[in-house]
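Worksheet: the structure to be examined is printed underneath.
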Amino acid sequence: MAFLAAPEPFSLELTTARFRAFGLDRASVWEDGALYRAVGGREVRIAAADGGVDVESLDAETEPVVRKLLGFGFDLVAFSAWASGHRELAPLVVRFAGFRPSLSPDPFEALVTSITAQQVSLHAAVAIRNRFVERLGEPVGRAWAFPGRERVALTSEEELVALGFSRRKAEYVLGIARDPLDWDELATLPDDEVKARIVARRGLGEWSADWFLARHLARPRAWPAGDLGLRKAVAAFYGEDDVRAAGDRFDPFQNLSAHYLLTGLRVVGS
């Protein structure tokens with residue numbers, strides 16, 4: 001067990017809330033007050049500690065994954081100072097102080113996750129994704145390793161359909177598994193170019209591209225205007241229907257604002 005300091009403010013419980021909000025997530029398991037994740041064939045256990053987290057199996061391979069998974073790269077100090085001048089957002093930032101949007105460490109996993117969530121409830125998406133992980137992944141302690149692209153590429157559409165994917169979604173998943181994007185290059189491109197590369201692929205629209213920017217690349221201005229939950233959140237807190245236009249008011253913190261609004265809708269609005 002090794003200690004990893006977290007940038008302030010930080011709350012492990014708030015940051016990991018989405019891994020238990022819609023049912024057990026087999027790839028990121030919350031159990032007994034700790035988060036379990038498979039990294040490089042090893043089980044990584046992350047538990048809260050004063051000023052950071054205690055991590056079992058912390059080394060040069062697992063540390064960057066933990067940092068990304070827990071959103072350590074977000075500047076919450078600057079965001080909080082900026083949000084203090086926004087009447088509707090400021091109370092959410094205070095209430096959820098220390099919430100860092102968790103990120104998907106792997107780009108293939110990020111896009112598959114988006115595909116499973118297209119046009120279904122998040123509870124249904126988690127259930128389908130869990131079957132996918134258990135069928136094609138490997139158990140590593142309490143968590144399962146998310147299936148690698150090469151393993152998925154060998155799967156048939158029929159096998160994915162049997163797990164709960166629609167025929168089209170099965171086709172989309174196999175498409176990016178068998179003909180992947182250049183992940184390293186994507187990380188170096190500006191937001192607009194990233195979106196253009198993603199939406200050019202069958203089954204990956206603007207919604208998936210925006211969430212890839214937000215939850216994998218952690219781009220500060222990512223604003224998933226097409227997300228139903230975000231539309232409901234903007235309507236609930238701001239009374240606005242034009243979500244795309246509303247994004248301008250959150251510049252340059254659209255990504256963090258979106259996550260805090262969604263969290264507010266789930267907790268405050270429930």
**OP:** Run the numbers on F10 and F99 for ring-ring contact (aromatic ring centres under 6.0 Å, His included), then give the verdict.
**Re:** CA-CA 6 Å; F10 173 70; F99 163 56; over 10 Å; no
Original post:
So W211 and H259, ring-ring contact (aromatic ring centres under 6.0 Å, His included) or not? Walk me through it.
Top reply: CA-CA 11 Å; W211 277 123; H259 279 94; 5.7 Å; yes
Original post:
How far apart are the C-alpha atoms of F79 and Y260, what are their side-chain angles, what is the distance that settles it, and do they pass the ring-ring contact (aromatic ring centres under 6.0 Å, His included) test?
Top reply: CA-CA 11 Å; F79 173 61; Y260 273 76; 5.2 Å; yes
**OP:** Under the salt bridge (charged side-chain N to carboxylate O under 4.0 Å, His left out) rule, what do E171 and R167 come out as? Steps first, then yes or no, please.
**Re:** CA-CA 6 Å; E171 178 187 339; R167 180 70 59 177; over 6 Å; no
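- Residues F19 and W30 place their aromatic rings such that the two centres sit no closer than 6.0 Å.
- Side chain of N255 to main chain of A222: no donor-acceptor pair is present (N/O by atom type, distance under 3.5 Å, no hydrogens or angles).
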What pairs of donor and acceptor atoms, side-chain ones from residues 43-58 against any protein atom, are under 3.5 angstrom apart with sequence neighbours left out?
{"residue": "E43", "atom": "OE2", "partner": "R142", "partner atom": "N", "Å": "2.7"}
{"residue": "R45", "atom": "NE", "partner": "Y36", "partner atom": "OH", "Å": "2.9"}
{"residue": "S57", "atom": "OG", "partner": "E43", "partner atom": "O", "Å": "3.2"}

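- The ring of Y172 has its center no closer than 6.0 angstrom to the ring center of F165.
- In this structure, the side chains of W207 and S114 come closer than 4.5 Å at one or more pairs of heavy atoms.
- D182 has no carboxylate O lying under 4.0 Å from a charged side-chain N of R197, or vice versa, which leaves the two without a salt bridge.
- Closest approach of A143 and A27 over heavy atoms only: CB-O, 4.1 Å.
- Side chains of R129 and T116: a donor on one and an acceptor on the other come within 3.5 Å.
- When all heavy atoms of A236 and L265 are compared, the pair lying nearest together is CB-CD1, 4.2 Å.
- N130 contributes no side-chain N or O that, together with a main-chain N or O of D25, makes up a donor-acceptor pair within less than 3.5 Å.
- Hydrophobic cluster membership is shared by L69 and L4, with clusters built from Ile, Leu, Val, Met, Phe, Trp and Tyr side chains linked at under 4.5 angstrom.
- By the 4.5 Å heavy-atom criterion applied to side chains, L70 and S102 are not counted as neighbours.
- Of all non-hydrogen atoms in S11 and A97, the two that sit nearest each other are CB-O, 4.2 Å.
- A pairwise comparison of heavy atoms in A233 and L261 identifies CB-O, 3.7 Å as the closest pair.
- Residues V77 and E8 are not in side-chain contact: their nearest non-hydrogen atoms beyond the backbone lie 4.5 Å or more apart.
- Following chains of ILVMFWY side-chain contacts shorter than 4.5 Å, one cannot reach L35 starting from V140, and the two form parts of different hydrophobic clusters.
- The only member of R149, K68, R37 that meets salt bridge (charged side-chain N to carboxylate O under 4.0 Å, His left out) when paired with E109 is R37.
- You'll find the side chain of F74 reaches within 4.5 Å of the side chain of L103, heavy atoms only.
- In summary, the side chains of T62 and D59 do present a donor paired with an acceptor at a separation below 3.5 Å, with no hydrogens or angles considered.
- No side-chain N or O of S104 forms a donor-acceptor pair with one of R215 less than 3.5 Å apart.
- Aromatic ring centres of Y238 and F250 lie closer together than 6.0 Å.
- By the 4.0 Å N-to-carboxylate-O rule, R221 lies too far from D191 to be salt-bridged with it.
- When every heavy atom of H86 is checked against every heavy atom of P91, the shortest pair comes out as O-CD, 4.4 Å.
- Across all their heavy atoms, L262 and G229 have their closest contact at CD2-C, 3.4 Å.
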